Amino acid sequence: QVQLAESGGGSVQAGGSLRLSCAASGYTGSSYCMGWFRQAPGKEREGVAAIYRGGGSTLNADSVKGRFAISLDNAQNTLYLQMNILEPEDTAMYYCAATRPYYCAYATLAAGAYQYWGQGTQVTVSS
């Protein structure tokens with residue numbers, strides 16, 4: 001059973017940085033996608049960034065391009081999200097997600113493509 005555990009959330013002032021981590025366990029394959037999603041109160045879940053482990057391609061939402069970067073440590077099976085120049089609009093619960101092995105062929109921000117989800121970590125950005 002795949003399990004995902006996020007960490008690294010917290011409170012920061014606008015313009016600051018945070019790095020989220022997601023430790024994945026239980027994987028037996030190497031070709032799958034992982035991604036970061038977020039949901040603010042009263043808003044729909046939004047895909048933030050994704051990566052395809054099979055080829056390394058990444059995809060960022062327009063709202064975070066140039067500010068956020070997703071990366072994957074294959075040896076540690078740990079997903080990261082480096083968040084820079086944070087804005088109050090980035091305040092949300094951030095979730096790590098992953099697909100089953102061979103269930104994706106390229107990085108995607110479509111939430112329906114992901115079968116495994118973490119519990120989330122809160123990010124709060126004050127102005």
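Computed from a predicted structure; not experimentally measured.
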Query raised in the report: How many angstroms lie between SG in Cys96 and CH2 in Trp117, if you round to the nearest 0.5 Å?
Result: 9.0 Å
Requested in this report: Check for a donor-acceptor pair, side chain of Ser21 on one end and backbone N or O of Gly8 on the other, with a separation under 3.5 Å.
Outcome: no
**Report entry** Closest non-hydrogen atom pair between Met34 and Ile70, with its separation
**Finding:** O-CD1, 4.1 Å
Query raised in the report: Are Gln115 and Val2 close enough, and set up right, to give a side chain to side chain contact (heavy atoms under 4.5 Å, CB included), and what steps lead you there?
Result: CA-CA 9 Å; Gln115 292 78 42; Val2 173; over 6 Å; no
Report summary line: Heavy-atom nearest pair, Phe68 first then Asn60, reads O-ND2, 3.5 Å
Query - Where Leu81 and Ala49 come nearest, the two heavy atoms and their spacing - result: CD1-CB, 4.1 Å
Query raised in the report: Got a donor-acceptor contact below 3.5 angstrom from the Thr124 side chain to the Ser11 backbone?
Result: no
Query raised in the report: Donor-acceptor pair, Glu6 side chain versus Gln119 backbone, under 3.5 Å?
Result: yes
Query raised in the report: Any idea which heavy atoms bring Ala113 and Thr108 closest together, and the distance?
Result: CB-CG2, 3.9 Å
Query raised in the report: Do the side-chain N and O atoms of Tyr52 and Ser31 include a donor-acceptor pair separated by under 3.5 angstrom?
Result: yes
Query raised in the report: Should Val123 and Met83 be marked as a side chain to side chain contact (heavy atoms under 4.5 Å, CB included) after you check the CA-CA gap, both sets of side-chain angles, and the distance that decides it?
Result: CA-CA 10 Å; Val123 172; Met83 305 185 294; 3.8 Å; yes
Requested in this report: Determine whether more than 12 heavy atoms belonging to other residues, nucleotides or ligands lie under 6.0 Å from atom CD of Gln3.
Outcome: no
Report summary line: Shortest non-hydrogen pair, Ser71 vs Leu79, comes out as O-CD1, 3.4 Å
Query raised in the report: Would Asn84 and Arg19 count as having a side-chain donor-acceptor pair, cut-off 3.5 Å?
Result: no
All N/O donor-acceptor pairs, side-chain side in residues 36-48, below 3.5 Å, sequence neighbours left out:
from: Trp36; atom 1: NE1; to: Tyr80; atom 2: O; distance (Å): 3.3
from: Arg38; atom 1: NE; to: Glu46; atom 2: OE1; distance (Å): 2.8
from: Arg38; atom 1: NH1; to: Asp90; atom 2: OD1; distance (Å): 2.9
from: Arg38; atom 1: NH1; to: Tyr94; atom 2: OH; distance (Å): 2.9
from: Arg38; atom 1: NH2; to: Glu46; atom 2: OE1; distance (Å): 3.3
from: Gln39; atom 1: NE2; to: Lys43; atom 2: O; distance (Å): 3.1
from: Glu46; atom 1: OE2; to: Ser63; atom 2: OG; distance (Å): 3.1

Query raised in the report: Rounded to the nearest 0.5 Å, what separation is found between the OH atom of Tyr32 and the OH atom of Tyr102?
Result: 10.5 Å
Report summary line: Interatomic distance, CG@Asn77 vs OG@Ser25, rounded to 0.5 Å, equals 8.5 Å
Query raised in the report: Closest heavy-atom contact between Cys22 and Leu4?
Result: SG-CB, 3.9 Å
Requested in this report: Verify, without hydrogens or angle tests, whether Tyr116 (side chain) and Ala24 (backbone) share a donor-acceptor contact under 3.5 angstrom.
Outcome: no
Query - SG on Cys104 to CD1 on Ile51, rounded to 0.5 Å - result: 10.5 Å
Query raised in the report: So do Val125 and Glu87 actually touch side chain to side chain, heavy atoms under 4.5 Å?
Result: no
Requested in this report: State whether a side-chain donor-acceptor pair under 3.5 Å links Asp73 with Thr78.
Outcome: no
